[in-house]
Amino acid sequence: MAKTMTKKKSANGVSLGTLAALVVLCVLLAIASPNFLTFNNIMSVFKQTAFNAFVSVGMLLCLITAGIELSVGANAIFCSCLMGMMVQKGVTSGIAMVIVALVAGTAIGLINGLLLTRLHLPHPFVSTLGMKNVLWGAALLVTGSQMVSGFPEGATWFGSATVGGFPISFICVIILYVGMHIFLTKTTLGRSIYCVGGNPEAARLSGINSANVLTFCYTFSGLMAAIAGIVTTGRSGICNGTMAIQPYDTDAIAACIIGGASFMGGKGTMAGTMVGVLIIGVLRNGFTLLAFDSALQNLVLGLVIILAVLMDVTRERMEAKARRMAAANSAK
């Protein structure tokens, strides 16, 4: 019976403990602030969460391969600033801005993948951290270090439009997460991503081209970052290159790890990541409602990230212990 319960939890892709943490957090904020459970605030949470939700999809793929992508946030802001540069140059086509952002973000993701797989840099931590700083500088350069506004409706629609008050961006997040769940669990490439991260030697013996799989993951992450950049441009109506240094990547990492992904690779689900994203989003919304000091916000979020890593390490130790006990029992 216990084994059946474990399998059900694994199949659902999210642990009961993580769901319970989200529920408890919502209950506490509802008690602390009467405005938390209002329709407008819940819709605001969804709209604000869409950015991290898109970024976290790409981050999850990289974590499953036992990698990491530290430039996702800077990539998103750079794509937003490219759109801002086009506004400064007098471009009025929102569709053209969106296309340029999508192509640029995807190309940056491809470069990250090629640095890892073709130039064989030792770890994606090195290359993506370097890329984060490159994109921070580039975001400031393309806009002349200026905050840009006045985007056409075609460029802001995706991040600002709603249906019955429900953000279009978050509707797309739900569709994306369902599609990515099917992709990761039902397709050959999706299963190859888990194999490359969980057992590289088995992947090699199975004839999986690990370099191509890794390149795909980082390229896809770049595309997700570009979409996040379009979302934030529409939501705020501005672009600001100084935002490229913000810890968007750590929010995405925390969401994935809270949702069950592992730095060791081979683990992670879309359902778990969605819950992790919502936990981070609700937490940030609570900070705003309760008027937390920015220093206290950073302190709490830092503790959340440390706790997420501790959860990952503890989970790995418990699973390793379970495997040893199973091996010992089978040997008897």
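In this text, all values refer to a predicted model and were calculated from it rather than measured experimentally.
- The distance from atom CG of L301 to atom OG1 of T250, rounded to the nearest 0.5 Å, is 7.5 Å.
- Under the 4.5 Å side-chain criterion, counting only non-hydrogen atoms from C-beta, N35 is not in contact with N41.
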TODO: Might you work through the side chain to side chain contact (heavy atoms under 4.5 Å, CB included) test for F51 and S169, ending with a clear yes or no?
DONE: CA-CA 9 Å; F51 179 94; S169 57; over 6 Å; no
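- Between S192 atom OG and F216 atom CZ the span is 10.5 Å, to the nearest 0.5 Å.
- In this structure, L29 CG and N285 CG are separated by 7.5 Å, a value rounded to the nearest 0.5 Å.
- In this structure a side-chain-to-backbone donor-acceptor pair under 3.5 Å is missing from S221 to C217.
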* Report the C-alpha distance between T185 and M270 in whole Å, list the side-chain angles of each, state the deciding distance to 0.1 Å, and finish with yes or no for side chain to side chain contact (heavy atoms under 4.5 Å, CB included). => CA-CA 10 Å; T185 58; M270 296 310 305; over 6 Å; no
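- Here the closest non-hydrogen pair linking L37 and A30 is CD1-CB, 3.6 Å.
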The test is side chain to side chain contact (heavy atoms under 4.5 Å, CB included); show your working for N52 and Y248 and say whether it passes. CA-CA 7 Å; N52 192 31; Y248 299 122; over 6 Å; no
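- Residues G150 and V87 share a closest heavy-atom pair of O-CG1, 4.0 Å.
- More than 12 heavy atoms of other shown residues, nucleotides or ligands fall within 6.0 angstrom of atom CZ in R118.
- Within the 3.5 Å criterion, the main-chain N or O of I238 finds a donor-acceptor partner in the side chain of S236.
- The backbone N or O of I108 sits nowhere less than 3.5 Å from a side-chain atom of Y218 that would complete a donor-acceptor pair.
- Counting only heavy atoms from C-beta outward, the side chains of K132 and D249 approach each other to under 4.5 Å.
- Of all heavy-atom pairs spanning T143 and Q88, the tightest one is O-NE2, 3.2 Å.
- Side-chain atoms of L119 and L114, non-hydrogen and from C-beta on, never get closer than 4.5 Å to each other.
- Using a distance-only test at 3.5 Å, with no hydrogens or angles considered, a donor-acceptor pair links the side chain of R191 to the main chain of K186.
- Ring pair F46/F170 is parallel by interplanar angle, where below 30° counts as parallel and above 60° as perpendicular.
- Looking only at atom types and distance, the side chain of S71 has a donor-acceptor partner in the side chain of N112 under 3.5 Å away.
- Residues T156 and P152 fail the side-chain proximity criterion, which asks for heavy atoms closer than 4.5 Å.
- Of the N and O atoms on the side chains of T38 and N40, not one donor lies less than 3.5 Å from an acceptor on the other residue.
- Interatomic distance, S56 OG to E69 CD, rounded to the nearest 0.5 Å: 12.0 Å.
- Side-chain heavy atoms closer than 4.5 Å link hydrophobic residues (I, L, V, M, F, W, Y) into clusters, and following such links, even through other members, never connects V103 to I227.
- The number of heavy-atom neighbours closer than 6.0 Å to CD1 of I95, taken from other residues, nucleotides and ligands shown, is 12 or below.
- Across all their heavy atoms, C239 and F151 have their closest contact at N-CE1, 3.8 Å.
- Rounded to the nearest 0.5 angstrom, S93 OG and M86 CE are separated by 7.0 Å.
- Closest approach of G276 and I258 over heavy atoms only: CA-CG2, 4.1 Å.
- Side chains of T273 and V57 form no contact here, defined as non-hydrogen atoms less than 4.5 Å apart.
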Check: Hey, mind stepping through I253 and F263 against side chain to side chain contact (heavy atoms under 4.5 Å, CB included) and telling me if it holds?
Finding: CA-CA 9 Å; I253 292 169; F263 287 113; 3.6 Å; yes
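- For the pair T65 (side chain) and C62 (backbone), a donor-acceptor distance under 3.5 Å is present.
- Grouping the Ile, Leu, Val, Met, Phe, Trp and Tyr side chains by contacts below 4.5 angstrom, directly or via other members, places F39 with I168.
- Proximity of I230 to C79: side-chain heavy atoms (C-beta onward) are nowhere separated by under 4.5 Å.
- At a threshold of 4.5 Å between non-hydrogen side-chain atoms, the residues W136 and M243 do not count as touching.
- Listed for the S262 side chain is a donor-acceptor partner under 3.5 Å among the backbone atoms of M264.
- L140 and L129 fall into different hydrophobic clusters, where Ile, Leu, Val, Met, Phe, Trp and Tyr residues are linked whenever their side-chain heavy atoms come under 4.5 Å apart, directly or through other members.
- At least one donor-acceptor pair under 3.5 Å links the side chain of S206 to the backbone N or O of A202.
- Side-chain heavy atoms closer than 4.5 Å link hydrophobic residues (I, L, V, M, F, W, Y) into clusters, and following such links, even through other members, never connects L82 to I245.
- Put simply, the side chain of S145 never gets that close to the backbone of L141: no donor and acceptor are under 3.5 Å apart.
- Note that OG1 of T187 and CD1 of I182 are 10.0 Å apart. Values are rounded to the nearest 0.5 Å.
- Both V231 and I175 are part of a single hydrophobic cluster, where members link through side-chain heavy atoms under 4.5 Å apart.
- Around atom CD of E153, no more than 12 heavy atoms belonging to other residues, nucleotides or ligands sit under 6.0 Å away.
- In this structure, V148 and G84 approach most closely via the heavy-atom pair CG1-O, 3.6 Å.
- Residues T162 and M43 have side chains not in contact (no heavy-atom distance under 4.5 Å, counting atoms from C-beta outward).
- Panel note: side chain Y194, backbone G268; a donor-acceptor pair is recorded below 3.5 Å.
- Under a 3.5 Å cut-off, the side chain of N75 and the backbone N or O of G105 do form a donor-acceptor pair.
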